[in-house]
Amino acid sequence: MEDQSRLLQPHPGVGMAVHSLPPHSQSDGGDPEGRKQDIGDILQQIMTITDQSLDEAQARKHALNCHRMKPALFSVLCEIKEKTVLSIRGVQEEEPPDPQLMRLDNMLLAEGVSGPEKGGGSAAAAAAAAASGGSPNDNSIEHSDYRAKLSQIRQIYHSELEKYEQACSEFTTHVMNLLREQSRTRPISPKEIERMVSIIHRKFSSIQMQLKQSTCEAVMILRSRFLDARRKRRNFSKQATEVLNEYFYSHLSNPYPSEEAKEELAKKCGITVSQVSNWFGNKRIRYKKNIGKFQEEANLYAAKTAADATTVVGQQGSQANSPSTPNSGGFPAPCYTPDRRIQ
DNA sequence: TTCTATGATTTACT
DNA sequence: AGTAAATCATAGAA
């Protein structure tokens, strides 16, 4: 605290620079030549202080500190300082927020890497789902995989960030202590300390920026891999296709399975409900577009269901609960409508 | 390599 | 929300 009060305070009793030395310096014989010699000596000592060993330098420093001319020299330094500080001031003050950094921050926030952790990274999953426009309830395997990888990235990011912050604050306090220590021998304004701190922070934030950049890259790579995986098409098993086709052709007049039916089909085929929906969507449109092409297939499945029906009918009586007649043979171009199905 | 089949995605509509 | 229609992208056949 005592140091602080000393910062840049013109030494009491000392007015202007070299010309007004403390009175007792003049009692040194009052010889101008001798005084010049004296100052020259001191300056010489200061200049050569770096050439000495540490112990010598410490001793010298102490000696200089106690020198009777020290206050005068100190005040000179203060004055010089005051002038230079004035010229520095204003040159660098404003710190415009880096657009690049803001972009990175925004992206990390959007991806759920930075910002508050929401229950098990669901924010990230939601963000991914929203970004890809996919239905959020399927692809659970990929989703969990993606989430796991993302939370890993998140973890690394945060631990690194913490490390940087710790290092930064450690370094800052170290430098501040150093400056405070130095303020015993040279005048250091609080402004200067502030400046130094901001320089340090800038340096560290540029390192942080690198971290953010590489984190963003990692997320991008993960994202693209994830999306690629989703886009990668795997044909359904023969058996699954058979089950779906069976349903489709036996419900040809109304090939719109209910939610329950879809679930059942999904279970039978080992695929998701939205895959079933996709399949029926594709099938309807493709069948409608080119009925002729599907004729053979239709006949095949019609015969199949008919055969199945007869075996069941044998025991049950009239027609099985197949809701529509699998009008085998000539397929009239059915005109599907989502609400009142066939027209 | 090209072509076709097919699962997934996108867009627009109701 | 569910669908039609167009489109994308890849698997698998030729």
Side-chain angles (χ1 to χ4, degrees), chain A residues 107 110-112 122-150 219-305 322-328 331-343:
Chain A
M107 182 181 160
E111 290 296 334
S122 62
S132 64
S135 31
N137 62 338
D138 57 66
N139 298 306
S140 52
I141 299 154
E142 278 105 325
H143 263 119
S144 66
D145 203 34
Y146 178 85
R147 233 176 297 147
K149 293 248 165 64
L150 195 75
V219 171
M220 291 306 269
I221 289 166
L222 180 65
R223 264 278 279 282
S224 73
R225 263 198 213 141
F226 174 71
L227 290 175
D228 283 354
R230 273 165 28 117
R231 266 206 109 85
K232 207 158 244 169
R233 187 172 60 77
R234 215 72 209 124
N235 285 2
F236 298 155
S237 71
K238 237 181 144 186
Q239 185 244 337
T241 315
E242 208 157 296
V243 170
L244 294 166
N245 271 317
E246 246 169 60
Y247 187 98
F248 180 79
Y249 287 110
S250 65
H251 297 73
L252 202 48
S253 59
N254 183 32
Y256 296 86
S258 64
E259 192 60 30
E260 296 80 54
K262 279 182 192 169
E263 273 165 29
E264 175 122 13
L265 286 166
K267 209 155 76 178
K268 268 199 212 167
C269 300
I271 57 177
T272 66
V273 171
S274 33
Q275 279 178 307
V276 172
S277 298
N278 285 340
W279 190 92
F280 273 89
N282 284 322
K283 191 72 184 179
R284 280 191 299 261
I285 195 75
R286 283 163 188 167
Y287 177 82
K288 202 172 103 175
K289 266 186 167 175
N290 192 353
I291 293 173
K293 200 174 84 181
F294 289 91
Q295 189 86 72
E296 208 181 314
E297 191 180 68
N299 287 338
L300 194 123
Y301 280 99
K304 206 173 187 161
T305 42
S322 56
S324 70
T325 50
N327 45 1
S328 47
F331 292 92
C335 191
Y336 308 130
T337 58
D339 31 60
R340 256 312 45 122
R341 274 57 227 252
I342 198 143
Q343 283 185 345

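In this text, all values refer to a predicted model and were calculated from it rather than measured experimentally. Letters A, B, ... mirror the listed sequences (proteins, then strands); counts begin at 1.
Between A:Leu265 and A:Phe280, some side-chain heavy-atom pair lies under the 4.5 Å cut-off. At a threshold of 4.5 Å between non-hydrogen side-chain atoms, the residues A:Tyr249 and A:Glu297 count as touching. Between A:Phe236 and A:Gln275 there is a side-chain heavy-atom pair separated by less than 4.5 Å.
Distance A:Asn282 CG to C:dC8 C1': 12 Å, rounded to the nearest Å. Atoms CH2 (A:Trp279) and P (C:dG2) sit 19 Å apart, rounded to a whole Å. Computed from coordinates, the A:Phe280 CZ to C:dA4 P distance equals 12 Å when rounded to whole Å. Rounded to an integer number of Å, the gap from CZ of A:Phe248 to P of B:dG7 is 13 Å. At whole-Å resolution of the value, CG in A:Asn245 and C1' in B:dA5 are 13 Å apart. Across the protein-nucleic acid pair, A:Arg284 atom CZ and B:dT6 atom P stand 17 Å apart, rounded to whole Å. Computed from coordinates, the A:Glu263 CD to C:dG2 P distance equals 11 Å when rounded to whole Å. A:Asn290 places its CG atom 13 Å from the P atom of B:dT4, with the value rounded to the nearest Å.
Note that SG of A:Cys269 and CD of A:Gln239 are 6.5 Å apart. Values are rounded to the nearest 0.5 Å.
Checked against B:dA8, C:dG2, C:dA5, the side chain of A:Lys288 finds its nearest nucleotide in C:dA5. Among C:dT3, C:dA11, B:dG7, the nucleotide with an atom closest to any side-chain atom of A:Arg234 is C:dA11. For A:Phe236, whose side chain is taken as the heavy atoms from C-beta onward, the closest listed nucleotide among B:dA8, C:dG2, C:dA4 is B:dA8.
For B:dG7, neither phosphate oxygen OP1 nor OP2 lies less than 4.0 angstrom from any side-chain nitrogen or oxygen of A:Gln275. Phosphate proximity of C:dT3 to A:Lys262: present, with a side-chain N or O under 4.0 Å from OP1 or OP2. The phosphate of C:dA6 (OP1 or OP2) has a side-chain N or O of A:Lys289 nearer than 4.0 angstrom. Neither OP1 nor OP2 of B:dT4 sits under 4.0 Å from any side-chain N or O of A:Lys293. Contact annotation: A:Tyr256 reaches the phosphate of C:dA4 (side-chain N/O to OP1 or OP2, under 4.0 Å). For the OP1/OP2 pair of B:dA8 and a distance below 4.0 Å, the side-chain nitrogens and oxygens of A:Asn278 include at least one atom meeting the criterion.
Counting atom types as modelled, A:Asn235 pairs no side-chain N or O with a base atom of B:dA5 as donor and acceptor under 3.5 Å. Interface remark: the A:Arg286 side chain does form a donor-acceptor pair with the B:dG7 base, using a distance-only criterion of under 3.5 Å.
Within residues 237-244 of chain A, no residue has any heavy atom closer than 4.0 Å to DNA chain B.
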Would you be so kind as to tabulate the donor-acceptor pairs closer than 3.5 Å made by side chains of residues 240-248 of chain A, with sequence neighbours excluded?
{"from": "A:Thr241", "atom 1": "OG1", "to": "A:Ser237", "atom 2": "O", "distance (Å)": "2.9"}
{"from": "A:Glu242", "atom 1": "OE2", "to": "A:Lys304", "atom 2": "NZ", "distance (Å)": "2.9"}
{"from": "A:Asn245", "atom 1": "OD1", "to": "A:Lys283", "atom 2": "NZ", "distance (Å)": "3.1"}
{"from": "A:Asn245", "atom 1": "ND2", "to": "A:Thr241", "atom 2": "O", "distance (Å)": "3.2"}

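Applying the salt bridge (Lys or Arg N to Asp or Glu O under 4.0 Å) test to residues at least two apart or on different chains, none of the pairs has a partner in residues 263-278 of chain A.
A:Glu259 and A:Val273 make their closest contact through OE2-CG1, 3.7 Å (heavy atoms, listed as atom of the first residue, atom of the second, distance).
In terms of the side chain to side chain donor-acceptor pair (under 3.5 Å) criterion, A:Asn282 has no residue partners (sequence neighbours excluded).
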